[in-house]
Amino acid sequence: MAEGKQLYNVGAILRGLSITFGFMFKKKPTIQYPSVRKQHAPRFHGLHELRRYEDGKERCIGCELCSSACPANAITVIGAENAPADRRSPGERYAARYEIDELRCIFCGMCEEACPTDAIVLTPRFEMSDFRRGSFVYAKDRLLVPPQGGTGAPPDERPGGIPADLGSVAEMKSTTDPATGYDATYYGAALKTERKGLTG
Amino acid sequence: MPAWIFVFIKSAILLFVVVTAFAYAMLAERKIMGWMQLRPGPNRVGPWGLMQPAADAAKLILKEDLAPRTADPLLYRLAPFISLLTAFSVYAVIPFGASPAGIWSIGNVNAGVLFLLAIMSLGVYGISLGGWASGSKYPLLGSVRSTAQMISYELSMGLSFAGVLLVAGTTSLDGIVHAQVGLWFFIPELVAFVIYVITAVAETNRAPFDLVEAETELVAGFHTEYSGLRFGLFFIAEYVNMLTISCIATLLFLGGWDAPFGWTALPGVAWFVVKVAAFMFFYMWLRATLPRIRYDRLMAFGWKVLLPVATLNVIVTAVVIAVRG
Ligand code: SF4
Ligand code: SF4
């Protein structure tokens, strides 16, 4: 009767029942995500950020090395000559357009490794959910550290993951302060008010 | 006060109680299954997830009510109501407590068990018509399975009732419970009880016998095409059937409202509820534990094992009763 063996194996069924009953009282490994946040690895690969120098100039020189290193073809860089009157970067060229499609990105960090000026880095921010696919193409307006944001996170001195008191995703915060940590995007709050028509 | 008003009031209260019990049975199932799978289960809506049923109901009501173009327009819409109606009508004869004045039951029928069997067999129409009227292939397969499964397991279930009826000497549910005072029937009729538990799971199409909606093979079986409130009605019917089956197990095998060991501190109705809840828990426990069995094995098990054993049980019971006079 190999056919219906499992059906008549009452011992196995009872053992199974005792196992599931025991599991009922075990500690659950669930992390209650939005209210409790896990401390993730210090070098977690999340959303990108384009850094600045101390004097506010952009680090990116529009060399397109990140774009060619990217295995997912997620980066589009269009470089341009710096105008002598209004120099965006210390080099000859700067990135006139810089776009990363975060839906294509596999968060491998090759762009960060390829960059000669440490301009593009991956931050531990990961809460990027949005309503439209188009919103996942991050251009310079959301990638570049805003002027008040300091220089951005140096690739080797990022704080160890996200602190527990990150607060609301949509709040604007400085990225360089390890005490307050990272937020989802700089422009989260601005975008939220804009969508709800609450501008001003 | 004319009798019908009394019946009407009792029906309304019972309907409310059963629907509430359904809602929280569903929540309990999700919680218990969650714990057994090392998850906390629903815990976001209200304290401890207690408002989850309300959220689910609101969601189902607001969903679009879709019907496939190939569906039979009338039967497709009617099927969920057939399921629900048969599921609820069973409660017309179930007594929940000792009732000299008929307080704890709507109707005290002297052939209560037969009425139960008759109505429960009608439940298959909702499922098979729903699957057939959907006009698509997976629901059809599901409904064919459900028909075959319900017919073959109903035989054994009926035979397991027969043993109890022989011992009790009555078909009235009230009488059966009274006959159990002192010795609940699951002890003398242990074989019948085991057969009843197995067939009960198969009758309500629950895991590990949920071949009718086997999602790994049939998408969602007979209710694949249903959405919104109509799906919700099937869902309610399934859980109400589970409650019914648990009530019957309590009445026929677990002594109904009879307090165990003479602990009469709790009223009879409370004992009834405790026993039904325990049986429901067993259902959920089974679902969290056992994998779905294969269809041919289900059929083979029903016809080659359960039916002979159930028949033998009836014969042995009858002989023992005849010999003892
Ligand atoms: S992390 Fe990898 S995939 Fe993403 S943009 Fe950089 S190189 Fe491309
Ligand atoms: S981010 Fe770095 S690698 Fe990419 S274009 Fe700018 S400077 Fe070159």
Side-chain angles (χ1 to χ4, degrees), chain A residues 1-41 44 125-133 161-171 181 183-184 188-189 192 195-196, chain B residues 28-45 47-49 149 152-153 156 190-191 193-195 197-199 201-202 207-209 211 278-279 281-309:
Chain A
M1 276 303 273
E3 249 293 279
K5 216 165 140 200
Q6 296 94 316
L7 261 184
Y8 310 111
N9 195 342
V10 178
I13 291 177
L14 291 182
R15 221 175 76 95
L17 285 173
S18 76
I19 290 174
T20 40
F21 196 79
F23 265 47
M24 230 168 67
F25 306 104
K26 282 209 172 143
K27 203 179 160 314
K28 313 289 177 279
T30 310
I31 298 163
Q32 304 285 345
Y33 163 60
S35 41
V36 181
R37 279 149 201 270
K38 189 175 175 260
Q39 196 76 9
H40 44 57
F44 181 88
R125 296 178 206 120
F126 62 94
E127 290 160 318
M128 297 177 234
S129 35
D130 213 319
F131 293 98
R132 286 156 303 177
R133 298 181 73 84
I162 297 188
D165 65 334
L166 189 63
S168 162
V169 168
E171 261 169 56
D183 212 334
K192 208 173 167 187
R195 278 203 201 106
K196 287 184 179 164
Chain B
E29 163 148 53
R30 290 168 67 180
K31 280 271 181 198
I32 289 169
M33 292 256 304
W35 294 335
M36 288 182 173
Q37 296 164 353
L38 293 184
R39 297 180 284 116
N43 63 355
R44 291 280 154 179
V45 195
W48 210 66
Q149 177 176 332
S152 36
Y153 277 74
S156 315
L190 184 63
V191 181
F193 181 58
V194 171
I195 291 174
V197 171
I198 297 173
T199 51
V201 178
F209 298 124
L211 275 297
F279 203 83
F281 171 77
F282 179 69
Y283 250 121
M284 296 158 190
W285 188 12
L286 268 188
R287 180 173 170 200
T289 307
L290 298 180
R292 182 178 305 124
I293 73 170
R294 222 171 60 196
Y295 187 64
D296 57 328
R297 287 185 185 163
L298 172 92
M299 281 297 151
F301 185 63
W303 288 103
K304 294 183 192 162
V305 180
L306 283 184
L307 190 60
V309 173

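Here is how names work: the chains are called A, B, and so on, in the same order as the sequence lines, proteins then strands, and each is numbered from 1.
- Here the OG1 atom belonging to A:Thr20 is positioned 11.5 Å from the CD1 atom belonging to B:Ile32, to the nearest 0.5 angstrom.
- Of the two parts of A:Phe25, neither the backbone nor the side chain holds a non-hydrogen atom closer than 4.5 Å to a non-hydrogen atom of chain B.
- Contacts between B:Leu38 and chain A at a heavy-atom distance below 4.5 Å involve backbone atoms as well as side-chain atoms.
- Between atom CG of residue B:Leu286 and atom CG of residue A:Leu17 there is a gap of 6.0 Å, rounded to the nearest 0.5 Å.
- Residue A:Arg15 qualifies as open at atom CZ: its count of foreign heavy atoms under 6.0 Å is 12 or below.
- Centroid-to-centroid, the aromatic rings of B:Trp285 and A:Phe21 come within less than 6.0 Å.
- The shortest side-chain heavy-atom distance between A:Lys28 and B:Trp35 falls under the 4.5 Å cut-off.
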